[in-house]
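Here the structure comes first, spelled out in C-alpha cells, and everything after it is commentary.
Quantities reported herein were computed from a predicted structural model and do not represent experimental measurements.
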Amino acid sequence: MISETVIWGGSQVGEYIVQADRQFRVQIMPGRMIRAWPEPQVHPLPAWAGQWIGGIRRVVVDERWDLVAEVGNTQVAVDLGIVTNIEAVELCIDGPVTASSPPGRYEIRTDSELVVVLIGETSCRAAHGRLINGLGSGYEGDGRMHEAEDFIFVRGYRGALAWSEDAQAEEWHGFSTSEVYRIDWQAPPTTTSQIAPGSVF
C-alpha cells in the first residue's frame with residue numbers, strides 16, 4: 001500500500017484506510033467531497049457513517065481526528081482518536097505506470113480500450129481488451145493475463161506495452177493505445193497473490 005501523512009478534500013481521489021482509535025475507510029471524491037465508515041463496517045452503523053464530511057478538515061498522522069459530519073440538518077462532532085497510520089487502498093492517478101510502480105492492480109482506460117496491469121514484487125502481468133461496439137461496457141480480448149516486460153501509461157498520453165519473451169513466443173506482440181483518460185490503482189490483496197492467472201474480461 002501507499003502511505004500518506006495527511007489527507008483532506010484536495011488529496012487524490014480514492015479510498016484510504018485510517019488507523020486511529022480503530023480502523024476507518026475514508027472515501028475522497030471529486031469536488032472535495034469526503035465520507036468515512038468504520039472498517040470493517042459495524043452494525044448498527046454510527047449516524048455519521050457515510051455522511052458528508054467537511055472537505056477542508058485534514059486528517060494528519062500523530063494528530064487527533066475530530067470528525068465533523070452533516071447528519072440530517074445537524075452537525076455532529078466525533079473524536080476518533082489519534083491517527084497512527086494512513087494507507088491508500090484505491091486511487092485515481094495520473095501515472096506514469098511502469099514496471100517499477102507500486103505493486104497493485106492498475107486499470108488504464110482509453111475511449112476504446114481497457115488495459116489491466118497487475119504489478120507484483122517480482123513480476124508484471126497485463127491484459128488488453130477493446131470496447132465492443134454497441135455494448136458500451138463490454139470488452140473483448142483473450143481475457144487472460146500475460147507476462148509484461150516494459151510498459152508506460154500516463155493520463156493524457158498514448159500508452160505502450162511490450163510483452164515478455166515467453167508471451168512473444170506465443171505470438172503475443174506489444175501494442176500501443178490511444179490517449180489514456182483514466183488510470184485507477186488498487187492496493188494488492190493482503191491474503192492472496194494478486195498475480196494469479198485468470199480471466200479479467
Derivation and outcome, side-chain hydrogen bond (donor to acceptor under 3.5 Å, both in side chains), residues Glu147 and Ser123
CA-CA 8 Å; Glu147 289 286 344; Ser123 66; 4.6 Å; no
Run Leu91 and Ile2 through side-chain contact (heavy atoms from CB on, under 4.5 Å) and show every step you take.
CA-CA 10 Å; Leu91 294 176; Ile2 299 174; 4.3 Å; yes
Determine whether Glu63 and Ile82 satisfy the following criterion, side-chain contact (heavy atoms from CB on, under 4.5 Å), listing intermediate values before the conclusion.
CA-CA 5 Å; Glu63 293 186 11; Ile82 301 295; over 6 Å; no
Verdict with reasoning, Ser11 to Glu4, per side-chain contact (heavy atoms from CB on, under 4.5 Å)
CA-CA 10 Å; Ser11 296; Glu4 304 285 355; over 6 Å; no
Between Leu161 and Phe153, is a side-chain contact (heavy atoms from CB on, under 4.5 Å) present by the stated rule, with each step listed?
CA-CA 8 Å; Leu161 181 144; Phe153 299 97; 4.2 Å; yes
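Between Arg158 and Glu179, none of the side-chain N atoms (NZ, or NE/NH1/NH2) sits under 4.0 Å from a carboxylate O, so this pair counts as no salt bridge. At a threshold of 4.0 Å, the pair Asp66-Arg64 does not count as salt-bridged, since none of the basic side-chain nitrogens sits closer than that to a carboxylate oxygen.
If you take SG on Cys124 and CG on Leu118, they are separated by 9.0 Å, rounding to the nearest 0.5 Å. The structure places CZ of Arg109 at 14.5 Å from CZ of Arg155, a figure rounded to the nearest 0.5 Å. Rounding to the nearest 0.5 Å places CD of Glu113 at 4.0 Å from NE2 of His128. Note: Ile183 CD1 to Ile108 CD1 = 6.0 Å, rounded to the nearest 0.5 Å.
Using a 4.5 Å heavy-atom cutoff, the side chains of Pro103 and Glu121 are in contact. You'll find the side chain of Tyr106 reaches within 4.5 Å of the side chain of Ile93, heavy atoms only. In this structure, Gln27 and Glu15 have side chains that are in contact, with non-hydrogen atoms separated by less than 4.5 Å. Contact check for Val115 versus Thr177: side-chain heavy atoms found under the 4.5 Å cut-off. Residues Gln23 and Pro38 fail the side-chain proximity criterion, which asks for heavy atoms closer than 4.5 Å. Residues Val61 and Val6 form no side-chain contact, since every pair of their non-hydrogen atoms from C-beta on lies 4.5 Å or further apart. Asp21 has its side chain out of reach of Leu80: every pair of non-hydrogen atoms, C-beta onward, lies at least 4.5 Å apart. By the 4.5 Å heavy-atom criterion applied to side chains, Trp52 and Met33 are counted as neighbours.
With Thr98 as reference, Ile152 is the one residue of Ile152, Val117, Asp150 to meet the side chain to side chain contact (heavy atoms under 4.5 Å, CB included) rule.
For the pair Arg105 and Trp185, the cation does not sit on the ring face, since its NZ or CZ is not both under 6.0 Å from the ring centre and inside 45° of the axis. In this structure, Arg58 satisfies the cation-pi test against Trp8, with its NZ or CZ atom closer than 6.0 Å to the six-membered ring centre and inside 45 degrees of the ring normal.
Glu90 contributes no side-chain N or O that, together with a main-chain N or O of Ala187, makes up a donor-acceptor pair within less than 3.5 Å. Side-chain N or O atoms of Ser176 include none that pairs as donor or acceptor with a backbone N or O of Ala160 at under 3.5 Å.
Between Ala47 and Val71, the shortest heavy-atom contact is O-CG2, 3.7 Å. The minimum heavy-atom distance between Met145 and Val116, with the atom names listed, is CE-O, 3.7 Å. Among all heavy-atom pairs drawn from Arg35 and Gly50, the shortest one is CD-O, 2.9 Å. Smallest separation of non-hydrogen atoms from Val13 and Met29: CG2-C, 4.0 Å. Of all the heavy atoms in Ala88 and Tyr16, the pair that sits closest is CA-CD2, 3.7 Å. When all heavy atoms of Ser101 and Pro96 are compared, the pair lying nearest together is OG-O, 3.5 Å.
If you chain together hydrophobic residues whose side chains sit under 4.5 Å apart, Val76 and Val26 fall into the same group. When hydrophobic clusters are built by joining Ile, Leu, Val, Met, Phe, Trp and Tyr residues whose side-chain heavy atoms come closer than 4.5 Å, directly or via intermediates, Phe24 is grouped together with Val78.
The closest side-chain donor-acceptor pair between Glu87 and Asn85 falls under 3.5 angstrom.
Residue-environment remark: CZ (Phe175) exceeds the threshold of 12 foreign heavy atoms within 6.0 Å. Within 6.0 Å of CZ in Arg182 there are 12 or fewer heavy atoms belonging to other residues, nucleotides or ligands.
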